[in-house]
Structure formats: C-alpha cells, structure tokens
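Okay, structure first, notes after.
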Amino acid sequence: MTEACCIVVGASHAGGQLAVSLRQQGWEGRILVIGDEPYLPYNRPPLSKTFLSGEKHIEDLLIRPEAQYEKVGIDFLLGQRVSAIDKKNKTVTLSKGESFAYDKLALTTGAIVRPLDIAGSELKGVLYLRDISDVEHIRQFIGKGKKAVIVGGGYIGLETAAMLRKLGLQVTVLEAAERILNRVTAPQVSEFYIRVHREEGVQLETGVDIQGFVGQDRVEQVQCGDGTVYPADLVIIGIGVIPNTELAEAAGLAVENGIKVNDFCQTSDPDIAAAGDCTNHFNGFYQRNLRLESVQNAMEQAKVAAATLCDKPIQYNALPWFWSDQYDIKLQIAGLSTDYDDLVIRGDHNDGRKFSAFYLKQGRVIAVDAINSPQDFMFGKQIITQKLLLDKTSLSAPGISLKDFLKK
Ligand SMILES: Cc1cc2nc3c(=O)[nH]c(=O)nc-3n(C[C@H](O)[C@H](O)[C@H](O)COP(=O)(O)OP(=O)(O)OC[C@H]3O[C@@H](n4cnc5c(N)ncnc54)[C@H](O)[C@@H]3O)c2cc1C
C-alpha cells in the first residue's frame with residue numbers, strides 16, 4: 001500500500017505553517033509543498049521594511065531553516081507552478097506537465113497585486129511590491145536623490161515611502177481617495193500619518209486622478225487629470241491585492257471574493273482545505289464574511305486547515321490583528337474598525353507620535369489602532385474579545401489605566 005499524501009499548493013506563510021501543523025496534528029503520510037517562488041517560506045512583511053532598506057537579507061527572511069522541515073519529513077518542490085487540479089481523480093498538474101496524486105489537498109495560493117492598467121503602465125520603472133523578486137527589481141531603480149512616486153496611500157505604499165525616504169530618495173505619494181488609509185482607519189489616524197510623512201519630507205497628495213505614465217523607454221513622469229505632472233525615476237504601485245483563486249475556480253471550487261471556506265477552513269470539496277490571503281471565511285466575532293490579508297490570519301487558518309485535514313476539526317475564531325512599521329512608528333491594530341459608530345482617542349494625534357484610537361459600536365470596542373502604544377494594543381485585544389461595555393470618558397482619560405477596566 002502506498003502512503004497517503006497531502007499536497008500543499010503555495011509555499012509562504014500559510015503553506016509552510018500548514019505543512020508543519022499537519023505533522024503536529026499527526027499526519028503520518030507524505031507532505032509535499034509546491035511553490036512557484038524559488039524560496040522556502042519567507043516573511044513577506046520585511047519586504048517593504050528592512051529588506052527593502054538592505055538591513056535584512058534573503059536568509060534572514062526565512063520563517064524556518066530548511067533543517068526544521070527536513071527533520072519532520074516535509075518535502076518541497078520549489079520554482080514550480082501548479083496549473084490544474086483534478087478533484088475527481090485527486091491529482092494536481094504542474095505547468096511543466098508532471099502530475100501528482102493526493103489524498104488531501106491544501107490551497108494556500110495567497111494574493112496577487114491589483115494591476116493599474118493605464119497608459120504607460122508597461123514602461124520600465126513602473127513597479128509593484130509583493131515578493132523578493134519585486135524588491136530586487138525595485139533596487140535597480142533606487143539611489144540617493146532619485147525621484148520615486150508611490151501610487152496608493154495604503155500600508156504598503158506608506159511603508160515603502162518611509163523606507164525610500166530613509167534611503168535618501170525624493171518621495172511623492174499620490175492617493176486617489178480624499179484621504180490615505182481611507183478603508184481601514186478613522187480620519188484622525190489618516191491625518192496623523194499625513195502629518196508624519198510630511199514631517200519626514202514626503203510630498204503627499206490626496207484626491208489625485210492619475211491618467212498615465214510617460215517616458216521614452218523608462219518612466220519619466222506621472223500625469224494627472226488636472227494637468228499636474230510629477231517627475232519620476234521610478235513608480236511603485238500599491239493599490240491593493242486580489243485573492244489568487246484562479247486554480248480553485250478552474251477546479252470548480254466555490255469562490256466568492258476568495259476561496260470560500262467554512263469555520264474549519266474546508267472548501268466546498270471536503271478533501272480540500274484552504275488558508276490565508278486566498279480565502280473568504282465567515283467570522284463569528286464580526287458575524288460576516290471576511291477576506292483578510294495578514295500574517296496572523298494566514299498562520300491561524302493554516303493550523304485550523306491542518307487539523308481539518310487530519311480529521312481533528314477545530315473551529316477558527318481568532319480576532320484579527322495586524323501591524324505596520326513606518327519611520328519610528330509601530331502601529332498595532334486589533335480587530336476590524338469597519339462599521340464603527342464612535343471613536344475615542346487616548347492621547348493626542350495632532351502632536352507627537354504616540355496615541356491610540358478605540359473604535360466603538362453600540363458602546364463596545366470593536367477595534368484599536370495603537371500607535372507606539374503596545375500596552376493599549378494588548379489591553380485593547382482583551383477589551384474587544386471580552387465585549388466589555390465601556391465608559392467613554394474614562395477610556396479617553398490618559399490617567400486611567402486600561403488594566404483597571406479589565407479588573408472591573
Ligand atoms: C510588502 C508587504 C508587506 C506586508 N506587511 C505586512 C505586515 O506588516 N503585517 C501583516 O500582518 N501582513 C503584512 N503583509 C501581508 C502578508 O504578507 C500576507 O497576508 C501573507 O503573506 C499571506 O500569506 P499567504 O501564505 O496566505 O499568501 P502569500 O504570502 O501570498 O503566498 C502565496 C504563495 O503561493 C504561491 N502560489 C500561488 N499560486 C501558486 C500555484 N498555482 N502554484 C504554486 N505556487 C503558487 C505564491 O507565489 C506565493 O508564494 C505584507 C505583504 C506585503 C506584500
């Protein structure tokens with residue numbers, strides 16, 4: 001009898017964790033992780049932070065050393081793309097034609113960058129940032145005094161802007177919406193980040209209608225609808241990501257803004273699980289469907305998916321959290337602020353670089369943005385999960401410790 005095989009497609013945060021968790025949950029058969037990047041699972045967040053700045057190198061990014069996977073018998077097939085899944089015959093096929101049989105399958109295919117398809121977007125120097133090769137590409141265009149235009153004022157755009165300033169470039173951030181971080185934070189938090197970036201010398205413009213990129217062979221200018229022209233040696237586009245669902249969709253799995261998974265990270269096929277940025281799940285805490293783009297979600301869902309594949313189901317019910325590093329500011333976010341109806345600021349967002357924003361809905365805290373305030377993040381997480389009803393005045397009083405709320 002041949003041993004059972006579990007194939008994991010995608011070798012990143014979710015894929016690597018899922019493989020390790022399979023062993024921890026008692027999977028005795030073969031585990032084969034197939035990834036189209038040529039690297040073992042690596043940490044993606046430093047790509048716009050310390051890897052871009054050159055402080056960290058590829059070997060520093062690896063989530064686990066190779067020996068750790070070898071020790072528990074996890075096989076990798078790297079630099080290979082899975083091009084098809086045959087659910088009926090339980091096989092996956094690589095772009096190069098080779099097929100592999102599976103007993104259980106896990107999809108951790110992540111997300112791909114949302115392309116900006118406008119005039120001149122094919123010019124050299126118009127770049128994106130999702131993986132190691134993107135950063136290596138960006139490095140060819142950067143240098144002290146060079147002009148970088150970042151399209152998109154989301155976390156990745158802003159982190160990249162901060163790092164390029166540190167490297168001595170002239171940086172402009174162009175955001176189409178009326179404010180940066182529009183979808184994810186309160187106006188006060190957006191105002192704070194606008195102030196900080198301008199203090200650091202970034203030119204930051206909102207409500208910008210970009211018409212196209214112009215240049216002979218490589219990008220030289222960004223042209224806007226109102227006639228404004230921004231000179232550019234390079235452009236980095238950071239306008240979000242799209243879940244990578246092509247493979248799942250072609251295989252006939254249920255897909256709706258991500259591969260649909262239940263509370264146990266199981267797809268519409270009981271022998272196929274999915275985890276990470278590629279999924280869409282129902283979140284019990286927020287009582288709605290969510291597609292999250294965070295390391296924490298990828299790792300937590302991977303553990304749940306592995307348990308499901310080992311027939312030891314555990315329910316996924318984690319509170320989302322996220323972080324972003326820009327200049328000397330560590331932002332830690334607990335929960336999701338969408339639908340908040342009230343906001344309490346602890347500290348002063350108009351001055352200095354330390355405060356917290358508590359988002360409330362019907363008197364309960366649903367999310368916290370903690371800026372250089374790790375204690376508020378920690379207690380905020382507990383306040384959210386305990387669903388405490390809070391007195392707003394005390395919450396905003398800096399003299400009152402959040403620890404006391406929890407004690408009460
Ligand atoms: C620059 C940057 C900074 C970030 N910063 C933060 C941060 O500060 N905090 C945070 O929480 N999150 C951050 N994120 C988001 C975080 O990195 C993602 O949420 C996380 O990588 C999701 O992991 P994943 O395994 O689900 O997907 P991914 O990391 O996208 O991995 C999917 C993998 O599958 C591979 N793949 C896809 N299809 C196939 C196929 N058919 N065959 C083989 N392989 C395939 C892909 O090439 C990729 O390697 C950042 C992301 C980026 C790009």
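In each ligand, atom 1 is the first atom listed, and ligand 1 is the first ligand listed. Only heavy atoms go into these numbers, but all of them, side chains included; no hydrogens, no water, no symmetry mates.
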Run the contact test for Glu246 against ligand 1 with a 4.0 Å cut-off on heavy atoms, strictly below, and give the result.
no
Find all atoms of ligand 1 within a distance of less than 4.0 Å from any non-hydrogen atom belonging to Val82, and give their numbers and elements.
40 (C), 41 (N), 42 (N), 43 (C)
What residue and heavy atom of the protein are closest to atom 3 (C) of ligand 1, and at what distance?
Ser48 OG, 3.4 Å
Heavy atoms only, cut-off 4.0 Å: how does Val295 contact ligand 1, side chain, backbone, both, or neither?
both
Of the choices Pro41, Gly110, Pro45, Gly35, which has the non-hydrogen atom that lies closest to atom 14 (N) of ligand 1?
Pro45
Quick one: which ligand 1 atoms are inside 4.0 Å of a heavy atom on Leu129?
1 (C), 53 (C)
Considering distance alone, does some N or O of Glu37 sit under 3.5 Å from an N or O of ligand 1?
yes
Can you tell me how far the OG1 atom of Thr185 sits from the CD atom of Glu191, to the nearest 0.5 Å?
9.5 Å
Between Ser95 and Gln80: side-chain donor-acceptor atoms closer than 3.5 Å:
no
Check Lys90 with Asp269, please: is the shortest side-chain N to carboxylate O separation under 4.0 Å?
no
Looking just at side-chain N and O atoms, do Ser324 and Gln326 make a donor-acceptor pair shorter than 3.5 Å?
yes
Report the part of Ser294 in contact with ligand 1, treating N, CA, C, O as backbone and CB onward as side chain, heavy atoms under 4.0 Å; options are side chain, backbone, both, neither.
both
Test of understanding: given a 4.0 Å heavy-atom threshold, classify the contact between Thr108 and ligand 1 as side chain, backbone, both, or neither.
backbone
For ligand 1, does Asp131 get within less than 4.0 Å through its side chain, its backbone, both, or neither, judged by non-hydrogen atoms?
neither
Should Lys49 be listed as contacting ligand 1, given a heavy-atom distance under 4.0 Å as the test?
yes
Among all the protein's non-hydrogen atoms, which is closest to atom 10 (C) of ligand 1, and how far away is it?
Phe322 CE1, 3.2 Å
In ligand 1, the atoms that come under 4.0 Å of a heavy atom of Leu247 are 41 (N)
Between Phe264 and Tyr316, is the gap from one ring center to the other below 6.0 Å?
no
Which residue and heavy atom of the protein sit nearest atom 39 (C) of ligand 1, plus the separation
Arg81 NH1, 3.5 Å
Test item: Val261 and Asn280 side chains (from C-beta on) under 4.5 Å apart, heavy atoms:
no
Can any side-chain N or O of Arg179 pair as donor or acceptor with the backbone N or O of Thr206 at less than 3.5 Å?
no
Are Lys49 and Glu159 close enough for a salt bridge, meaning some N to O gap below 4.0 Å?
yes
What is the nearest protein non-hydrogen atom to atom 43 (C) of ligand 1, stated with its residue, atom name and distance?
Asp36 N, 3.4 Å
Drop me the distance from Asn257's CG to Arg291's CZ, to the nearest 0.5 angstrom.
4.5 Å
shortest atom 38 (N) of ligand 1-to-protein heavy-atom contact is with Asn244 ND2, 3.3 Å
Taking NZ, NE, NH1 and NH2 as the nitrogens, is one of them in Arg81 or Glu37 under 4.0 Å from a carboxylate oxygen of the other?
no
Is it the side chain (CB and beyond), the backbone, both or neither of Ser83 that lies under 4.0 Å from ligand 1, heavy atoms counted?
neither
Starting from atom 20 (C) of ligand 1, locate the nearest protein heavy atom and write down its residue, its atom name and how far away it is, to 0.1 Å.
His13 CD2, 3.7 Å
Enumerate the atoms of ligand 1 whose separation from the nearest heavy atom of Gln80 is less than 4.0 angstrom.
43 (C)
Asp277 versus ligand 1: do any nitrogen or oxygen atoms come within less than 3.5 Å of each other?
yes
Is there at least one pair of N or O atoms, one from Ala14 and one from ligand 1, spaced under 3.5 Å apart?
yes
What ring pair (Phe, Tyr, Trp, His ring centres under 6.0 Å) pairs are there with at least one residue in residues 63-87, not counting sequence neighbours?
Tyr69-Phe76
Select one of side chain, backbone, both or neither to describe which atoms of Leu292 lie under 4.0 Å from any atom of ligand 1, heavy atoms only.
neither
Please check whether Gly276 reaches ligand 1 - meaning an N/O of the residue sits under 3.5 Å from an N/O of the ligand, judged on distance alone.
no
Lys NZ or Arg CZ of Arg139 over Phe51 ring: under 6.0 Å, within 45°
yes
Test of understanding: given a 4.0 Å heavy-atom threshold, classify the contact between Tyr155 and ligand 1 as side chain, backbone, both, or neither.
neither
Using a 4.0 Å cutoff against the non-hydrogen atoms of Ile34, which atoms of ligand 1 qualify?
43 (C), 44 (N)
Polar side chain donor-acceptor pair, His197 to Tyr327, under 3.5 angstrom
yes
Mind jotting down which residue pairs meet the ring pair (Phe, Tyr, Trp, His ring centres under 6.0 Å) criterion with at least one end in residues 199-218? Sequence neighbours excluded, please.
none
Residue, atom name and distance, where the atom is the protein heavy atom closest to atom 17 (O) of ligand 1:
Arg44 CB, 3.2 Å
Could you check which of Ser12, Gly10, Ala84 puts a non-hydrogen atom nearest to atom 28 (P) of ligand 1?
Ser12
Check for me whether Lys124 meets the cation-pi criterion with Phe141, that is, NZ or CZ under 6.0 Å from the six-membered ring centre and within 45 degrees of the ring axis.
no
For Ser99 and Thr93, which I'm curious about, is there any donor-acceptor pair between the side chains at under 3.5 Å?
yes
Only heavy atoms of Glu293, strictly under 4.0 Å: list the atoms of ligand 1 that pass.
19 (O)
List the closest protein heavy-atom neighbour of atom 30 (O) of ligand 1: residue, atom name, distance to the nearest 0.1 Å.
Arg130 NH2, 2.7 Å
Test: Lys330 and Asp325 ion pair at under 4.0 Å:
yes
